[in-house]
Amino acid sequence: MKALVIHGPRRASVEDVPDPVPGPGEVVVAVKAVGICGTDFHIFEGDSLGGYPIIPGHEFAGVVDAVGPEVTSLRPGDRVAVDPSLFCGHCEFCLTDRGNHCENWGGIGTTVPGGLAERVKVPAANAFPIPDSMTFEEAAFIEPVACVVHGMNRLQLRPADRVLVFGAGAMGQQLVQALVHAGASELVVVDVDPGKLELARRFGATKTVMAGRVEEELGTGANSRGFDVVVDATGVPAVIERAFRFLGPTGKFLQFGVAPKHATVSLSPFELYHKDWMLIGSMAVNHTYLPALRWIREGRIQVKPLLSKTLSLEELPEFLAKPKSPALLKVQVRF
Ligand SMILES: [Zn+2]
Ligand SMILES: [Zn+2]
């Protein structure tokens, strides 16, 4: 079968690899749609969690092609979306509801072969049947929405909190919708791209601000009460450092965007103490796949408007290597 193989930093090609064979408790999924995500770019650029070579792709949906021994929950032909998390289930963190910090953590498409291939082998327990009403393109968004659900679980928004979000990319747009459903009152979104801001307004942002005009539009320090919640969905250190200026007393800061591994930002510990701040991280998904599926299935989180571009597997190596337009939201590979 054909697969995208990343052999090392900036070395990717589409090649023929052996077909996966399902073991006990496993199924093979014929992939139909795969979302390309920041993590795939990190792997391509040399920041791999699982070493090389690797077949990436962790946001995918498809049709069950073959089932291994002991699989009773799925049959060939079932339409499924796959939770890429591989939690061992028996370490201290798995046993205390922190599977995303599993001591034996693995991920389909990050540490074992992923969905950027015609077929992929996954544990049957990770494959969630999807309704006929859900397209494969929509189902490939369940994984990123599951990250948003985890972020919302971490954040614990209170009714009518005033929220400021930096970054209206694909993740930012999903966060905006989730924040609306979770009860935000004011919801201000900042980005560099006017088209993305317009989409954020469609999804429920009450105000949008171009990145260069944040201080003028929102005020800082003594002129401003600050927000109850500030979310970074950019992962850009300079943006994160600046974002703290807009956090009000007892404010919660959610770091949702993935910053470069060795980046640092400066933060005043006096302010952290004096303003009763709470700093919150949000790492991937933690048993949040099913709630995400339900959110998409019921149309609460709209993902179709986030799909900017569809590629074939053959077009992907070139796409990974070239610079991206700031207007781009989600890109998917279709089979
Ligand atoms: Zn992802
Ligand atoms: Zn574990």
Side-chain angles (χ1 to χ4, degrees), residues 4 6 31 33-45 47-50 54-62 81-117 120 122-123 125-126 128 136-152 167 169-175 178 232-235 255-261 281-289 291-293 295-296 301 303 306-309 311 316 319-320 324 328-333:
L4 179 89
I6 300 184
V31 181
V34 196
I36 307 300
C37 136
T39 302
D40 301 310
F41 288 108
H42 287 151
I43 296 171
F44 178 71
E45 296 294 342
D47 216 350
S48 171
L49 292 169
I54 178 84
I55 299 173
H58 59 274
E59 303 178 357
F60 60 94
V82 176
D83 181 348
S85 308
L86 301 174
F87 302 160
C88 77
H90 52 73
C91 73
E92 167 138 5
F93 294 123
C94 281
L95 292 172
T96 52
D97 193 28
R98 291 176 283 176
N100 56 335
H101 299 283
C102 172
E103 290 172 32
N104 308 298
W105 188 88
I108 299 164
T110 43
T111 63
V112 303
L116 281 165
V120 56
V122 307
N126 288 55
F128 289 76
F136 292 116
E137 287 94 334
E138 289 173 297
F141 276 95
I142 298 173
E143 196 276 343
V145 172
C147 294
V148 170
V149 174
H150 179 57
M152 298 306 293
M171 294 311 296
Q173 303 283 357
Q174 292 164 57
L175 271 165
D232 173 70
T234 69
Q255 184 56 53
F256 192 86
V258 183
K261 216 186 250 174
S282 178
M283 152 60 186
V285 301
N286 187 25
H287 303 294
T288 47
Y289 208 78
L293 191 157
W295 238 346
I296 295 177
I301 302 271
V303 293
L306 305 181
L307 185 58
S308 311
K309 198 179 178 69
L311 301 173
L316 191 55
F319 175 77
L320 286 172
K324 311 295 168 293
L328 205 64
L329 289 164
K330 180 60 82 180
V331 173
Q332 288 186 351
V333 169

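We count ligands from 1, going down the list as the structure has it; atoms in each ligand are counted the same way.
- Among the heteroatoms counted here (N, O or S) of H58, NE2 is the one nearest to the Zn ion (ligand 1).
- Of all non-hydrogen atoms in A292 and I142, the two that sit nearest each other are CB-O, 3.6 Å.
- Rounded to 10°, the angle that SG of C91 and SG of C88 form at the Zn ion (ligand 2) is 110°.
- Below 30°, between 30° and 60°, or above 60°: for H287 and F87 the angle between ring planes is above 60°, a perpendicular geometry.
- Inclusion of C147 in the first shell of the Zn ion (ligand 1) is not supported: no N, O or S atom falls under 2.8 Å.
- Atoms SG of C94 and SG of C102, as seen from the Zn ion (ligand 2), are separated by an angle of 100°, to the nearest 10°.
- Under the 3.5 Å distance criterion, with hydrogens and angles disregarded, no donor-acceptor pair is assigned to the side chains of N286 and T288.
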| task | Let me see the working for K330 and C37 under side chain to side chain contact (heavy atoms under 4.5 Å, CB included), right down to the final yes or no. | result | CA-CA 8 Å; K330 180 60 82 180; C37 136; 3.8 Å; yes
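- In this pair, H101 and F93 present their aromatic rings perpendicular. The plane angle is above 60°, beyond the 30 to 60° band.
- For the pair SG of C37 and OE2 of E59, the angle whose vertex sits at the Zn ion (ligand 1) is 100° to 10 degrees.
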